[in-house]
Amino acid sequence: MPELPEVDAVKESLKKQILNKTIRQVDVTWPSMVKHPEDRKRFEQMLVHQTIQDIDRKGKFLIFRLDDYALVSHLRMEGKYFVYTEEEPKDKHTHVIFRFNDGSSLHYNDVRKFGTMHLFDNGREHEEKPLSQLGPDPVEEHFTGEYMQKRLQKTTRRIKPVLLDQSVVAGFGNIYVDETLYRAKIHPERLSPSLSEEEVERIVAEGKKVIREAMEAGGSTIRSYARSDGAQGEFQTRLFVYGKEGEPCPGCKRPIMKTKVGGRGTHLCYYCQE
DNA sequence: GCGGCGACCTGTGCGC
DNA sequence: TGCGCACAGGTCGCCG
């Protein structure tokens with residue numbers, strides 16, 4: 001999936017395409033992706049006659065702001081949105097279709113069916129799971145060295161799983177955590193309490209930079225991720241370690257290694273990251 | 001509270 | 001060419 005920068009690119013692209021459109025009909029063909037309300041018929045009915053007023057993002061979640069409701073969408077690993085101006089046959093991996101009054105439509109496509117949708121009354125979305133659980137965005141001012149120090153003091157976990165924990169900071173996924181720790185020269189298995197103030201500052205600063213640069217580049221495009229306008233992110237050309245197993249480390253020229261940390265594939269340079 | 005694992009799904013790429 | 005297997009960007013829930 002799309003991590004924060006990819007979701008942001010999707011948000012911007014969708015805003016250009018579907019803002020102010022009014023929903024005529026919704027078809028859910030994979031009911032278990034709708035988590036709230038539990039009844040998919042009710043979900044479909046609630047959305048009829050609603051106009052897309054705005055589209056927001058919090059962490060990796062997209063929030064479609066409608067007249068009366070907020071639709072919270074998570075793309076998980078491979079979710080994609082496609083906008084069609086005319087009637088378009090349903091792809092075998094399309095699971096939700098939003099048809100608009102003007103004949104255009106928005107298709108949610110997800111090969112692995114991991115994506116989720118929640119529909120809440122306007123204003124309730126931040127009080128309910130999943131949004132209520134999220135920590136600050138890495139690009140928010142609230143994400144500071146001081147904040148991270150506090151969070152890291154409370155735990156004995158290793159730094160990588162902590163950065164992946166969306167209740168600590170919302171938006172890092174496997175790719176950008178590996179990139180951040182490489183740039184900050186920190187080993188992903190370092191225990192949180194062992195990190196010095198200066199090291200935590202470095203992680204926060206590099207993390208913000210990685211995410212900002214990736215947002216400016218429109219995200220990284222790995223295998224299946226696509227923006228709804230078909231454009232592709234450029235950031236993958238600037239990855240230092242993710243997917244670079246065996247290639248020389250840009251710093252010391254020794255090979256980038258791949259290992260597992262907390263069950264997740266992890267790329268690093270054993271010499272440059274301590 | 002923590003790590004580890006399976007579950008949720010399908011597709012791809014590899015070795016044989 | 002075909003088969004079986006490991007693995008994939010995320011998250012949740014269960015277990016010890």
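To find a chain, count down the sequence lines: A is the first, B the second, and so on, and within it residues start at 1. Only a predicted model underlies this, so the values are computations on that prediction, with no experimental measurement involved.
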From the list [options], which nucleotide is the closest neighbour of the side chain of [X]?
| X | options | value |
| --- | --- | --- |
| A:H93 | C:dG10, B:dG11, B:dC2 | B:dG11 |
| A:R264 | C:dG10, B:dT10, C:dA8 | C:dG10 |
| A:K60 | B:dG11, C:dA8, C:dG10 | C:dG10 |
| A:K260 | C:dA8, C:dT11, B:dG11 | C:dA8 |
| A:M77 | C:dT11, B:dG11, C:dG10 | C:dG10 |
| A:R157 | C:dT11, B:dG3, C:dA8 | B:dG3 |

Between [atom2] of [N] and [atom1] of [X], the distance in whole Å:
| X | N | atom1 | atom2 | answer |
| --- | --- | --- | --- | --- |
| A:K35 | C:dT11 | NZ | P | 14 Å |
| A:E78 | B:dG11 | CD | P | 9 Å |
| A:L62 | C:dG10 | CG | P | 15 Å |
| A:K129 | C:dC12 | NZ | P | 7 Å |
| A:D110 | C:dA8 | CG | C1' | 13 Å |
| A:F61 | C:dC12 | CZ | C1' | 11 Å |
| A:L131 | C:dC12 | CG | P | 11 Å |
| A:Q133 | C:dG13 | CD | P | 10 Å |

Between [Y] and [X], is there a salt bridge with N-O shorter than 4.0 Å?
| X | Y | value |
| --- | --- | --- |
| A:E6 | A:R57 | no |
| A:K185 | A:E206 | no |
| A:K80 | A:D110 | no |
| A:D165 | A:R157 | yes |
| A:K16 | A:E12 | no |
| A:E44 | A:R40 | yes |

query = Within the structure shown, what part of the strands sits under 4.0 Å from A:K258 by heavy-atom distance: base, sugar-phosphate, or nothing?
reply = sugar-phosphate
query = Base, sugar-phosphate, or nothing: which does A:T116 touch, judged by heavy atoms less than 4.0 Å apart?
reply = nothing
Contacts table for residues 116-123 of chain A: side-chain donor-acceptor under 3.5 angstrom, sequence neighbours left out:
unit_1 : atom_1 : unit_2 : atom_2 : d
A:N122 : ND2    : A:L66  : O      : 3.1
A:N122 : ND2    : A:D67  : O      : 3.1

Less than 4.0 angstrom between a side-chain N/O of [X] and OP1 or OP2 of [N], yes or no?
| X | N | result |
| --- | --- | --- |
| A:K92 | B:dG11 | yes |
| A:K160 | B:dG3 | no |
| A:Q166 | C:dG10 | no |

Between N or O atoms, less than 3.5 Å apart, protein on one side and nucleotides 4-8 of chain B on the other: list the pairs.
unit_1 : atom_1 : unit_2 : atom_2 : d
B:dG4  : OP2    : A:R158 : NH2    : 3.2

Inter-nucleotide [atom1] distance ([N], [M]), Å rounded:
| N | M | atom1 | answer |
| --- | --- | --- | --- |
| C:dA6 | B:dC5 | P | 14 Å |
| B:dG1 | C:dG10 | P | 23 Å |
| B:dC9 | C:dC3 | P | 25 Å |
| B:dG6 | C:dC5 | P | 16 Å |
| B:dT10 | C:dT1 | P | 26 Å |

inquiry  = Please give the remaining members of the hydrophobic cluster of A:I256, linking ILVMFWY side chains under 4.5 Å, ordered by chain and number.
reply    = A:Y182, A:F240, A:V241
task = Could you give me the stems involving DNA chain C, meaning stretches of three or more consecutive Watson-Crick or G-U wobble pairs whose two defining distances are both below 3.5 Å?
result = B:2-8 with C:10-16, B:10-16 with C:2-8
key: salt bridge (Lys or Arg N to Asp or Glu O under 4.0 Å) partners of residues 46-55 of chain A, not counting sequence neighbours, each pair once   = A:K15-A:D54
Below 3.5 Å, can you tabulate the donor-acceptor pairs from side chains in residues 243-255 of chain A to any protein atom, sequence neighbours excluded?
unit_1 : atom_1 : unit_2 : atom_2 : d
A:K253 : NZ     : A:P250 : O      : 3.3

message = Quick check: do A:E198 and A:E201 have side-chain heavy atoms less than 4.5 Å from each other?
response = no
